[in-house]
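Read the structure below first, then the notes.
One-based numbering along the sequence shown.
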Amino acid sequence: MIPEKVRSVLDAHQLTALEFEPGSTPTAQMAADRIGVSVGQIAKSILLKGKDDRYFLVVCAGDRKIASGKMKRLTGVKCSMATGDDTLRVTGYSPGGVTPFGVDGVEIFLDESLLAWDTIYPAAGTDATGVPVTFKVLQEITGAETVDVTA
């Protein structure tokens, strides 16, 4: 079930999430297969923790990896992937269902790798969802900065 705070954001922007059987879209590849799109169109959301204890949510194309050097140059600190427990505590979502919708208190970055696609699919707070959206709309909703942090 889509969390209420995500549903409120989607409703406010006239967006509809695609919903599937539980556990069917926890990875970019599985989401792409289930939705029927290229893995690059999956907008995976990854929570990173800086050495200074700040958290950053990076949303990037599903076929890309975050480049640690680029992330360090952007944030000024070395970052590593947050633990599953930290991810749930900080974002309110479990790994595999992390979404940039309804996340508060975390700086959100949208990687420019997503610009290659007309439609991208971030999760909707569960490991069985995808939200068809344009980069522009996702940026407007999240207020995220466009960056280059992938390899």
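With hydrogens and angles ignored, the 3.5 Å screen pairs no side-chain donor or acceptor of T146 with any backbone N or O of E112. Checking side-chain atoms of T150 against main-chain N and O of I66 turns up no donor-acceptor pair under 3.5 Å. Between the side chain of S8 and the backbone N or O of E4 there is at least one donor-acceptor pair closer than 3.5 Å. One N or O on the side chain of D111 and one on the backbone of V149 form a donor-acceptor pair closer than 3.5 Å. Looking only at distances, a side-chain donor or acceptor of D127 sits under 3.5 Å from a matching main-chain atom of G23. Looking at T25, its side chain never comes within 3.5 Å of a backbone N or O of A31 through a donor-acceptor pair.
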Exercise for the section: Could you please spell out the steps behind the side chain to side chain contact (heavy atoms under 4.5 Å, CB included) verdict for Q29 and D33? Expected result: CA-CA 6 Å; Q29 186 62 61; D33 291 346; 2.9 Å; yes
Practice task
For salt bridge (Lys or Arg N to Asp or Glu O under 4.0 Å), just list the numbers for R7 and D11, CA-CA rounded to whole Å, side-chain angles, deciding distance to a tenth of an Å, and then say yes or no.
Solution key: CA-CA 6 Å; R7 185 154 322 272; D11 289 349; 5.2 Å; no
Exercise for the section: Go through the steps for S45 and Y93 under the test side chain to side chain contact (heavy atoms under 4.5 Å, CB included), then give the verdict. Expected result: CA-CA 11 Å; S45 299; Y93 310 111; over 6 Å; no
Problem - Working for side chain to side chain contact (heavy atoms under 4.5 Å, CB included), residues V147 and L110 - result: CA-CA 6 Å; V147 298; L110 296 182; over 6 Å; no
Exercise for the section: Decide yes or no on side chain to side chain contact (heavy atoms under 4.5 Å, CB included) for F109 and F56, but give the supporting numbers first. Expected result: CA-CA 7 Å; F109 298 116; F56 308 96; 3.6 Å; yes
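When side chains are defined from C-beta on, E145 counts as touching E107, because their heavy atoms get closer than 4.5 Å. In this structure, the side chains of V131 and L18 stay at 4.5 Å or more apart for every pair of heavy atoms.
Legend: residues meeting side-chain hydrogen bond (donor to acceptor under 3.5 Å, both in side chains) with K70, ordered by chain and number and at least two apart, are D148. In this structure, the side-chain hydrogen bond (donor to acceptor under 3.5 Å, both in side chains) partners of T126, at least two apart in sequence or on a different chain, are T129. Here R54 pairs with D52 under the side-chain hydrogen bond (donor to acceptor under 3.5 Å, both in side chains) rule; sequence neighbours left out. With sequence neighbours excluded, the residues forming a side-chain contact (heavy atoms from CB on, under 4.5 Å) with T119 are Q41, Y121, P132, listed by chain and number.
When all heavy atoms of L10 and A17 are compared, the closest pair comes out as CD1-CB, 4.0 Å. The two atoms that bring A128 and P22 nearest to each other are CB-CA, 3.8 Å, heavy atoms only. Pairing each heavy atom of R64 with each of S113, the nearest pair is NH1-CB, 3.4 Å. Across all non-hydrogen atoms, the minimal contact from V9 to G102 is CG2-N, 4.1 Å. Listed here is the closest heavy atom pair of V59 and A43: CG1-CB, 3.7 Å.
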Counting only pairs under 3.5 Å, give me each side-chain donor-acceptor contact of residues 74-88, with atom names and distances, residues two or more places apart or in other chains.
unit_1, atom_1, unit_2, atom_2, d
T75, OG1, M71, O, 2.9
T75, OG1, V77, N, 3.3
T75, OG1, V77, O, 3.0
T83, OG1, D86, N, 3.0
T83, OG1, D86, OD2, 3.4
D86, OD1, R89, NH2, 3.1
D86, OD2, Y55, OH, 3.2
T87, OG1, T83, O, 2.8

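Considering I46, V98, L48, T142 in turn, V98 is the only one that fulfils the side chain to side chain contact (heavy atoms under 4.5 Å, CB included) rule with L57.
Rounding to the nearest 0.5 Å gives a distance of 12.0 Å between CE of M30 and CZ of F20. With rounding to the nearest 0.5 angstrom, the CG atom of L15 is 6.0 Å from the CZ atom of F101.
Under the 4.5 Å side-chain heavy-atom criterion for grouping Ile, Leu, Val, Met, Phe, Trp and Tyr, V37 is not connected to V133 through any hydrophobic cluster. L138 and W117 fall within the same hydrophobic cluster, defined by Ile, Leu, Val, Met, Phe, Trp and Tyr side-chain heavy atoms under 4.5 Å apart, directly or through other members. Following chains of ILVMFWY side-chain contacts shorter than 4.5 Å, one can reach I120 starting from V6, so the two form part of one hydrophobic cluster. There is a path of hydrophobic side-chain contacts, each under 4.5 Å, that joins I2 to I141. Linking Ile, Leu, Val, Met, Phe, Trp and Tyr residues whenever their side-chain heavy atoms come within less than 4.5 Å leaves V39 and L115 in two separate clusters.
Sorted by first and then second residue, the side chain to side chain donor-acceptor pair (under 3.5 Å) pairs with a member in residues 12-21 read E21-R34; sequence neighbours excluded.
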